[in-house]
2 protein chains.
Amino acid sequence: MLSKKTKYAFHALSYLAENQERGAVLIQEIASNKNISHKFLENILLELKKAGILGSKKGKGGGYYLIKKPEEITLAKIIRLLNGPIAWLPCVSLNYYEKCSDCPDEATCNMHIIMCQVRDQTLGVVENKTLSDLIKQK
Amino acid sequence: MLSKKTKYAFHALSYLAENQERGAVLIQEIASNKNISHKFLENILLELKKAGILGSKKGKGGGYYLIKKPEEITLAKIIRLLNGPIAWLPCVSLNYYEKCSDCPDEATCNMHIIMCQVRDQTLGVVENKTLSDLIKQK
DNA sequence: CATTACCCTACAAAGTTGGTAGACTTTGCA
DNA sequence: TGCAAAGTCTACCAACTTTGTAGGGTAATG
């Protein structure tokens, strides 16, 4: 299951995408509109900024804003960033790979093969869906 | 990611499937062959028994054994039992459904729609793979 | 100089993970 | 009848993660 952090990130990003033309948006505005704890959201937005998805401006008229087009931000990227690996096992993860101690040979391990299928099916969706798919026809 | 519990369950079930003709198998035998803590495995096997997947016999010559054919035990069933929901959000879970507080209408919530796709893609694999797929050609 | 993001520490309740320990019950067999 | 083997049950635990709350100080900007 996705963590609340990840869900909140999607909500916040949707809000920013919908208000993109307005420029910088206050943390507080997002928090109260999306019903997220201000302090918790602060951390989330900071992570998104460090990942190069958001920009920020301090001082009066400051806030957060998207620095990419919504079409360029895949759901997979957000999920990996805030939720961790998409794969079910470390040994089939593309971004967080770790050898599994149990299986002697990944090429012939049936578990491995099936988990790769699951991963690919999942990625087939979230690598091809972007923030813009999230805010369509609302 | 799948928990160790779930991974252990797959290992144990594979072992039991491979040794099906021998009848009851000791916890200890599975534990040492698959390198799992004996006591932890005990809990896992008990859960599998309560779920109607395994049977057990006490006393001398006792142990655990499959009470279903490997082809009848889907990976989805094991994962749901030991790992919890397969869906990424409670509001798209078939077996653990819960309404999400944030979205006003599931039919028009884009998040909801995308997460349903992810779920269906995942289920497409694990509902159609069984224990017998795990032990093939070893 | 007010505003706003940034950054840090600390706390905390609740839940999950990956176990450990020990007593109890049932069973098979001699 | 009695013992040993084996699963069953209850309890506990340490470490970690999650989902925050609270507060304060710093830096940039208009």
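For B/Ile44 and C/dT17, the CD1 to P distance is 11 Å, given to the nearest whole Å. As a whole-Å value, the separation of A/Asn43 CG from D/dT19 P is 13 Å. Here the C1' atom of nucleotide C/dT16 and the CD atom of B/Glu47 are 13 Å apart, to the nearest Å. Rounded to whole angstrom, the span from the CD atom of B/Gln28 across to the C1' atom of D/dT8 amounts to 16 Å.
Closest to the B/Ser56 side chain, of the nucleotides D/dT8, C/dC7, C/dA5, is D/dT8.
Among residues two or more places apart in sequence or in another chain, the side chain to side chain contact (heavy atoms under 4.5 Å, CB included) test is passed with B/Ala9 by B/Ile44, B/Leu48, B/Ile78, B/Leu82. Shown here are the side chain to side chain contact (heavy atoms under 4.5 Å, CB included) partners of B/Lys39, two or more places apart in sequence or in another chain: B/Ser37, B/Glu42. Remark: B/Ser93 engages no residue in a side chain to side chain donor-acceptor pair (under 3.5 Å) (not counting sequence neighbours). For B/Tyr96, there are no ring-ring contact (aromatic ring centres under 6.0 Å, His included) partners two or more places apart in sequence or in a different chain. Contacts of A/Lys99 classified as side chain to side chain contact (heavy atoms under 4.5 Å, CB included), with partners at least two apart in sequence or in another chain: A/Tyr97, A/Glu106. A/Lys129 pairs by the side chain to side chain contact (heavy atoms under 4.5 Å, CB included) definition with A/Leu75, A/Val125, A/Asp133, B/Ile114, B/Gln117, not counting sequence neighbours.
Put simply, the side chain of A/Thr6 never gets that close to the backbone of A/Leu2: no donor and acceptor are under 3.5 Å apart. With A/Asn110 contributing its side chain and B/Lys136 its backbone, the two residues share a donor-acceptor pair below 3.5 Å. Between the side chain of A/Asn83 and the backbone N or O of A/Ser3 there is at least one donor-acceptor pair closer than 3.5 Å. Of the possible polar contacts, none joining the B/Arg119 side chain to the B/Trp88 backbone as a donor-acceptor pair under 3.5 Å is found.
The pair A/Glu127-A/Lys77 does not count as a salt bridge, with every side-chain nitrogen at least 4.0 angstrom from each carboxylate oxygen. With respect to the salt-bridge test (charged N to carboxylate O, under 4.0 angstrom), the residues B/Lys34 and B/Glu29 do not qualify.
Looking at residues 76-83 of chain B, you'll see that no heavy atom sits under 4.0 Å from any atom of DNA chain D. Of the residues in residues 1-11 of chain A, not one comes within less than 4.0 Å of DNA chain C through any heavy atom. Taking a 4.0 Å limit (strictly below) on heavy-atom distances, residues 35-42 of chain A reaches DNA chain C at A/Lys39, A/Glu42.
Taking Ile, Leu, Val, Met, Phe, Trp and Tyr as members and joining any whose side-chain heavy atoms lie under 4.5 Å apart, directly or through other members, the hydrophobic cluster of A/Ile67 also contains A/Tyr65.
Side-chain atoms of A/His11 and A/Asn33, non-hydrogen and from C-beta on, never get closer than 4.5 Å to each other.
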Close N or O pairs between protein and nucleotides 26-30 of chain C (under 3.5 Å):
none

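Secondary-structure annotation of DNA chain D gives the stems C:1-30 with D:1-30, with a stem taken as at least 3 successive Watson-Crick or G-U pairs whose two distances both fall under 3.5 Å.
Among the protein residues, A/Leu45 comes within range of no part of the nucleic acid, since none of its heavy atoms lies under 4.0 Å from any strand.
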Working for side chain to side chain contact (heavy atoms under 4.5 Å, CB included), residues A/Gln121 and B/Thr122
CA-CA 6 Å; A/Gln121 291 295 317; B/Thr122 305; 5.7 Å; no

Candidate pair B/Thr74 and B/Val126, rule side chain to side chain contact (heavy atoms under 4.5 Å, CB included), full reasoning
CA-CA 7 Å; B/Thr74 65; B/Val126 293; over 6 Å; no

